[in-house]
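These values consider heavy atoms only, across backbone and side chains, with no hydrogens, waters or symmetry-generated copies.
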Amino acid sequence: MPAQRTDKHVDQVANEIRPLISIVIVTYNSADEIGNLLDSLPPGAPGHRLQILVADNGSTDDTAQVATAREDVTFVPTGGNLGYAGGLNALRDRIDPEAVAVAALNPDLTVRPGALDLLVAGLSDVVGVTVPAIEDADGVRFHSLRREPSLLGMLGEATLGASWPGRPAVLGDTLRRPDDYERVHDVDWASGAALVASRECWDAVGPWEESFFLYSEETDFMRRARQAGFRVRYLPGAAVMHIGGASGASPRLEALMSVNRVRDYAGQHGPLAATAFRGLSILQSVLRYPVKPGAREALPYLLGLRDRSELPHATRPGDEPEPSATIPPQDVTGSVIIPAHQEAKVIGRLLDALADGLAPGIDVIVACNGCTDGTEEVARAHGAAIGATVLEVPAASKQGALNEAERTTTALPRAYLDADIAVSGTAVTAVLAALSGPQARVARPPLTYVTDDADAVVRSFYRARSATASLMSAMWGAGFFAVSAAGRERWDAFPADVPDDLLVDSLFDDDEKMIVDSEPVRVWVPRRASALAATLKRVYRPQSAAPPAAESRERRSSGSTLREMVSRNARRGPLGVADTAVYTTLAAGARAALVADRLRGRTGRGAWERDSTTR
């Protein structure tokens with residue numbers, strides 16, 4: 001009996017004096033993988049004690065339940081999606097002071113038996129980082145080792161791809177020779193899926209660079225380790241199985257990878273070299289554009305046509321605005337004004353749609369002007385269900401009709417609807433309710449174009465427009481805009497020489513505009529290209545009474561809008577390029593026609609301009 005107690009005591013002491021490794025893991029919806037990794041850690045490091053830290057970036061699956069079911073795991077919710085580097089940094093202060101090494105592991109790994117022990121044993125005063133062989137389930141090793149990014153390496157990657165393993169070493173950043181994966185040697189950097197850093201190296205390098213979100217953060221970390229005097233060493237005897245090691249990323253993540261690679265290189269070199277590296281990255285995307293969705297996604301970002309803030313990035317607690325108080329639909333008040341000239345064929349469609357969900361406290365005024373087709377009678381018949389007031393204005397003038405209708409109501413917020421659209425009362429109610437918030441001054445629902453009966457040219461034009469976010473968020477062109485009480489103070493009466501929607505769009509900054517999450521407004525487009533061209537002349541016609549902001553803003557935005565259209569439609573391939581060509585041709589034709597009209601002394605102002613092919 002005394003001997004047994006002595007043996008047990010010896011085992012306990014031996015266990016307590018084993019060195020400690022801190023395992024740091026960042027998860028995001030990793031419930032299907034994290035259990036396998038956690039199971040593999042003890043046999044992966046039988047000679048060490050383990051501290052297991054998991055930083056979770058806002059998983060919505062069962063990751064938390066899987067991780068917290070283990071007594072040896074410390075689970076740390078980050079409160080957002082901080083990215084890989086941000087998740088690792090969230091664990092820095094929790095690493096045990098006694099830890100001799102820190103192992104950063106992806107959640108979709110399985111550690112081979114003894115691998116962590118070998119990686120820690122490979123550390124020294126000189127070797128600060130060790131990396132394992134990364135294998136698939138069959139033991140086939142991935143090309144996980146890298147050279148420092150260079151112009152020649154980027155040139156080789158751009159022009160040769162991955163199809164020539166025997167290329168000269170300078171023409172590629174990835175080590176591809178089989179011998180490179182069978183011997184112990186130092187490397188510049190390696191895949192960040194698995195690495196072990198000595199505690200001295202981990203502390204000397206400091207926090208991981210969070211601006212990368214994903215990709216290139218491991219390049220930066222291992223470079224800084226080398227700059228701090230440590231070596232990065234590959235140990236083929238240590239291996240991990242990586243479930244995601246051979247899988248392709250989504251096109252957006254591939255674009256992020258390309259952009260971050262350019263950013264990382266630019267941070268280490270002068271402007272000329274950085275420009276050359278970016279040019280080679282663009283060349284790579286161009287050469288792979290026809291067959292690689294990721295290249296198509298990356299190209300507009302590399303060209304500067306899209307802002308990289310649109311790519312996946314860190315979201316932190318407090319980034320999302322607090323929801324504003326909502327008003328019950330039955331309590332929403334305001335008014336709706338519908339100018340109508342010769343709209344007997346379509347006004348009933350709109351009024352019937354408004355009857356679906358319109359709040360009872362919203363006034364509806366239909367301002368029939370210069371009508372001889374019975375618009376008034378149709379409006380009264382279809383507007384009775386919502387208590388619409390129908391005015392008869394003698395002169396055919398849209399702006400005159402708007403001004404006359406406004407003299408009959410003081411109810412705000414106020415929506416202005418073209419008679420030839422269709423939008424539900426539910427959507428109108430949602431828009432007017434949203435305008436009670438502190439920021440929005442002008443709003444509308446989302447927009448959808450009805451192109452079923454349009455010819456091929458018209459459909460192409462509206463496909464290009466629909467792919468351009470800045471156009472789809474504008475207040476003009478939707479046949480619907482609404483303003484708050486404060487927003488209506490921006491102008492007096494509607495001027496005769498300025499289209500109402502263009503006027504309002506020019507009076508508000510982007511942060512004052514809102515597209516309300518509701519049912520969309522449906523807009524019927526001209527059926528023929530000739531009718532569309534005539535309608536475009538209204539949009540581009542110079543307006544003598546337009547506020548200075550309108551013309552200056554149009555000049556500033558036209559170039560950026562065109563660049564956005566080109567980049568967004570280019571992602572759709574040849575059809576998108578053709579659609580952009582159709583759009584720009586029609587737009588340029590409309591402007592040229594206006595110049596010709598002006599030379600002939602034709603201003604075209606004061607007329608009621610609308611498409612007749614949809615009536």
Do you see a donor-acceptor pair shorter than 3.5 Å between the side chains of Ser285 and Arg296?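 The criterion, which ignores hydrogens and geometry beyond distance, is not satisfied for Arg296 and Ser285.
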For this session: Determine whether the side chains of Gln342 and Thr375 contain a donor N or O and an acceptor N or O closer than 3.5 Å.
Result: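 There is no such pair (donor and acceptor under 3.5 Å, judged by atom type) between the side chains of Gln342 and Thr375.
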Which of these, Ile386, Leu354, Val336, sits in a side-chain contact (heavy atoms from CB on, under 4.5 Å) with Ile362?
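The residue from Ile386, Leu354, Val336 that satisfies side-chain contact (heavy atoms from CB on, under 4.5 Å) with Ile362 turns out to be Val336.
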Does any non-hydrogen side-chain atom of Phe480 lie less than 4.5 Å from one of Val428?
yes
| task | Would you tell me whether Ser335 and Arg414 have side-chain atoms, one donor and one acceptor, within less than 3.5 Å of each other? | result | yes
Quiz item: Charged N to carboxylate O under 4.0 angstrom, Glu297 versus Lys292?
Solution: no
What is the minimum heavy-atom distance between Ala419 and Ile347, and which atoms define it?
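Scanning both residues, the minimum pair turns out to be CB-CD1, 3.7 Å.
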Please work out whether the ring planes of Phe277 and Tyr265 are parallel, tilted or perpendicular, with thresholds of 30° and 60°.
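The arrangement is parallel - the two ring planes meet at less than 30°.
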_Arg465 to Trp476 six-membered ring, cation-pi geometry met (6.0 Å, 45°)_ = yes
Notebook entry, point to check: Are side-chain heavy atoms of Trp491 and Leu507 found at a separation under 4.5 Å?
Noted result: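 Trp491 vs Leu507: side chains touch.
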Are side-chain N/O atoms of Asp56 and Thr27 paired as donor and acceptor at under 3.5 Å?
->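 On atom types as modelled, these side chains qualify, holding a pair under 3.5 Å.
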Indicate yes or no: does Arg528 engage Asp455 in a salt bridge with an N to O separation below 4.0 Å.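 Salt bridge between Arg528 and Asp455, a charged N being under 4.0 Å from a carboxylate O: no.
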**Prompt:** Between Arg349 and Asp420, is the closest basic N to carboxylate O distance under 4.0 Å?
**Reply:** no
- Task: Return yes if a side-chain donor-acceptor contact under 3.5 Å exists between Asn57 and Thr78, otherwise no.
- Result: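 A donor-acceptor contact under 3.5 Å links the two side chains.
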_Can you tell whether the side chains of Glu512 and Arg490 come within less than 4.0 Å, N to carboxylate O?_
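Salt bridge: yes.
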| Ion pair present between Glu310 and Arg252, side-chain N to carboxylate O less than 4.0 angstrom? |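 So Glu310 does not pair with Arg252 through a salt bridge.
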